[in-house]
Amino acid sequence: MSLQDYRSFEPVSAGHEIVFIGRSNVGKSTLMRDLIGAKVRIGKRPGVTQKPNYYKFDDLLITDMPGYGYMKGVDRAKRERIKDLIVRYFEDHAARIVCAVQVVDAKAFAEVADRWDARGEVPVDVELYDFLRELGIDVVVAANKMDKVPYAERDGVLDGICVRLHMLPPWRNWLDRIAPISAKMDELGPLRTILKDRLRKAGLERYVNVVK
Ligand code: GDP
């Protein structure tokens with residue numbers, strides 16, 4: 001199967017799609033490079049990408065959404081435009097989306113969410129997760145940068161993510177939806193397992209090897 005990189009404003013036609021989303025700097029590019037061999041730049045200046053990048057494997061489209069949320073040096077209007085683009089994209093393509101992979105920085109997640117909560121705002125990650133679920137999209141949470149979480153705090157951090165995304169802890173009850181990973185260390189086992197399983201369940205066994 002050939003890997004094509006579309007980089008286009010135009011939606012790409014495909015029968016099936018997996019979409020990767022996440023706030024900027026959560027490690028989405030690192031993850032996608034390791035997971036599907038996507039030729040993405042790592043550590044690029046946040047906010048530069050304002051359109052999805054596409055990788056196509058026959059009839060399966062893998063989409064890399066622009067990073068959202070706060071980005072240094074990116075004004076509010078631009079951030080809102082990116083958010084609108086993401087929302088519209090999911091509304092338009094929900095039917096063909098096998099699952100969305102929402103990448104979060106495991107360690108920072110609870111702290112950032114609580115800061116927003118304290119201001120009386122819905123944290124942007126929670127807002128997006130809820131929106132996707134309301135559209136009926138299957139969301140897999142990739143809890144990245146687990147290498148930064150001390151072993152003793154692991155369960156607490158993952159339970160904290162569950163609680164804020166309305167999943168009843170312990171996180172181990174949700175092994176099919178939450179994947180503790182470290183893209184930097186290439187420790188992606190739980191996410192590989194979940195994605196291969198989703199593809200099989202969707203009758204897309206032929207694409208299982210797209211996930212490296
Ligand atoms: P993106 O903006 O979400 O695409 O993030 P990048 O993939 O460009 O990564 C942002 C920064 O996080 C880079 O410095 C990466 O090396 C780092 N990073 C990515 N994954 C991990 C990880 O699992 N652990 C740690 N400690 N750092 C990571």
Side-chain angles (χ1 to χ4, degrees), residues 3 5-8 17-55 61-76 78-83 85-87 89-90 99-113 116 123-129 132 139-158 160-161 165 171 177-195 211-212:
L3 179 72
D5 176 359
Y6 281 86
R7 285 172 207 277
S8 145
E17 182 173 11
I18 296 178
V19 187
F20 286 74
I21 45 165
R23 302 183 65 139
S24 63
N25 221 35
V26 290
K28 182 161 56 68
S29 307
T30 310
L31 169 65
M32 292 189 70
R33 186 194 53 188
D34 293 348
L35 200 70
I36 62 159
K39 292 185 184 68
V40 283
R41 278 181 300 147
I42 310 297
K44 59 194 176 304
R45 203 170 77 75
V48 170
T49 322
Q50 282 191 73
K51 51 188 178 179
N53 288 327
Y54 300 108
Y55 305 90
L61 187 65
I62 308 270
T63 302
D64 176 14
M65 278 294 182
Y68 56 82
Y70 176 76
M71 287 167 263
K72 205 170 175 214
V74 177
D75 66 34
R76 195 182 184 92
K78 199 163 168 184
R79 295 206 303 263
E80 286 299 319
R81 273 205 303 281
I82 293 173
K83 198 168 142 188
L85 176 145
I86 292 173
V87 165
Y89 190 91
F90 280 107
C99 66
V101 179
Q102 186 168 359
V103 188
V104 302
D105 179 330
K107 196 174 173 169
F109 186 89
E111 191 191 308
V112 173
W116 281 60
V124 66
D125 268 324
V126 177
E127 187 184 17
L128 185 71
Y129 178 86
L132 294 174
V139 187
V140 175
V141 179
N144 193 33
K145 306 198 182 184
M146 285 302 289
D147 57 287
K148 294 205 294 186
V149 178
Y151 191 77
E153 292 169 26
R154 213 178 139 86
D155 287 339
V157 161
L158 293 166
I161 295 173
L165 298 180
W171 72 274
R177 202 182 297 172
I178 180 160
I181 58 167
S182 169
K184 194 174 183 173
M185 306 294 168
D186 199 16
E187 288 166 7
L188 301 176
L191 185 60
R192 288 193 176 102
T193 305
I194 291 175
L195 290 180
V211 179
K212 303 281 185 300

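Counting starts at 1 for both ligands and their atoms, following the listed order.
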Contact check: Met185 vs ligand 1, nitrogen or oxygen atoms, below 3.5 angstrom: no
Got an N/O contact under 3.5 Å between Met146 and ligand 1? no
Do you know the tightest heavy-atom contact between Ala142 and Leu31? CB-CD2, 4.5 Å
Is any N or O atom of Ile181, backbone or side chain, closer than 3.5 Å to an N or O atom of ligand 1? no
Rounded to the nearest 0.5 angstrom, the CE-CZ distance for Met65 and Phe90 is 5.0 Å
With rounding to the nearest 0.5 Å, note down the distance linking CG in Leu132 to CD in Glu127. 10.5 Å
Quick check: does Ser24 get an N/O under 3.5 Å from an N/O on ligand 1? no
What I want to know is whether Lys148 and ligand 1 share at least one N or O pair that is separated by under 3.5 angstrom. no
The test is side chain to side chain donor-acceptor pair (under 3.5 Å); show your working for Asp64 and Tyr54 and say whether it passes. CA-CA 6 Å; Asp64 176 14; Tyr54 300 108; over 6 Å; no
Under-4.0 Å heavy-atom contact with ligand 1, by part of Val26 that carries it: both
Heavy-atom proximity to atom 12 (O) of ligand 1, picking from Lys184, Lys145, Arg33, points to Lys145
At under 4.0 Å between heavy atoms, which part of Asp147 makes contact with ligand 1: side chain, backbone, both or neither? side chain
Within the side chain of Asn144, is there an N or O that forms a donor-acceptor pair under 3.5 Å with the backbone of Ala183? yes
Specify the closest pair of heavy atoms between Asp125 and Tyr68, including all atoms of both residues, with the distance to one decimal. OD1-OH, 2.6 Å
Of the listed options Lys107, Met32, Lys28, closest to atom 1 (P) of ligand 1 (non-hydrogen atoms): Lys28
Could you tell me, atom by atom, which parts of ligand 1 come under 4.0 Å of a heavy atom of Asn144? 20 (N), 21 (C), 23 (O)
Heavy-atom closest contact (Arg177 atom, Ile194 atom, distance): N-CD1, 4.1 Å
